[in-house]
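Order of listing sets the numbers, starting from 1, for every ligand and every atom in it. Given the structure is predicted, the values throughout are model-derived calculations rather than measurements.
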Amino acid sequence: MARLDIANVTKLFGATRAVDDFSITVTDGELVCLLGPSGSGKSTLLRMIGGFEKPTYGSMTIDGEEVIHLPPEKRPTGMVFQSHALWSHMNVFKNIAFGLKLRRLPKAEITQRVEAVLDLVGLKGFGERLTHQLSGGQQQRVALARSLVLEPKILLLDEPFASLDQHLRERLREEVRDIQQRLKITTLFVTHAQDEALSVADRIVVLRDGRTEQIAKPAEVYRTP
Ligand code: ADP
Ligand code: ADP
């Protein structure tokens with residue numbers, strides 16, 4: 001379990017305040033949803049936590065270490081995007097093993113970890129499949145597995161199921177919630193769908209135009225129009 005501390009973070013793009021004075025502490029394997037309409041600053045916030053964007057002002061630490069001071073390979077976050085960006089010329093096993101190979105782990109350990117994570121995401125036996133042979137939901141499970149196999153301290157999910165149909169989205173968010181609770185992994189989940197946030201989150205951050213409207217447990221969040 002990891003601790004994320006965000007203190008008074010502002011991100012400016014020219015005159016645009018993408019994120020305006022945002023603060024939160026997330027810990028204890030909590031799942032926090034960042035909820036808001038398009039342009040409210042959700043992705044910018046997530047990208048800063050992942051170290052892909054620098055805050056203009058403020059501090060953002062994971063277990064006490066300032067994210068922007070960490071070199072990319074030391075960043076303790078794993079990110080899953082809306083479009084999975086799997087390597088279509090590699091099979092499922094190789095897609096997931098890629099990051100472990102870069103870290104030069106022993107082959108036996110790579111195989112063991114990839115198989116364990118395939119099992120975790122419900123894709124046992126899918127190692128040899130090519131990713132373009134998989135359904136959209138299966139592809140997102142591979143993207144999740146590729147992220148989890150590196151054992152990140154914090155999982156960052158950016159609208160991971162937005163391209164899937166409603167029924168599949170509902171199923172996958174339950175699966176993610178289940179996996180998240182089993183691993184007790186601190187998670188930030190970006191969505192513009194209120195029902196999604198209400199059903200998976202421990203706490204919800206409601207954002208609008210970069211500003212924090214509310215941070216509350218699902219039962220306490222007011223209905224936004
Ligand atoms: P959301 O994820 O909630 O849709 P974003 O974080 O993508 O919101 O965007 C927040 C605001 O910041 C928007 O006004 C957007 O146009 C602006 N923005 C985001 N990224 C950039 C960028 N790289 N350059 C300029 N403006 C940006
Ligand atoms: P490389 O030739 O790039 O070193 P590997 O030796 O790691 O590749 O793997 C050879 C083939 O065996 C690959 O197609 C890989 O997907 C497959 N493979 C290895 N271990 C497993 C496993 N546990 N489950 C499924 N496929 C595996």
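Using cut-offs of 30° and 60° for the angle between ring planes, the F161 and F189 rings count as perpendicular.
Protein residues having at least one heavy atom under 4.0 Å from any atom of ligand 1 are F13, T16, A18, P37, S38, G39, S40, G41, K42, S43, T44, R47, listed by chain and number.
Judged purely by distance below 3.5 Å, without hydrogens or angles, the side chains of T131 and Q139 never pair a donor atom with an acceptor atom. Q138 and R141 are not linked by any side-chain donor-acceptor pair at a separation below 3.5 angstrom, with hydrogens and angles left out of the test. For the 3.5 Å distance criterion, the side chains of D5 and T25 qualify, holding a donor opposite an acceptor.
We find that R177 and D202 are joined by a salt bridge, their nearest charged nitrogen and carboxylate oxygen being less than 4.0 Å apart.
No more than 12 heavy atoms of other residues, nucleotides or ligands sit less than 6.0 Å from atom CZ of R104.
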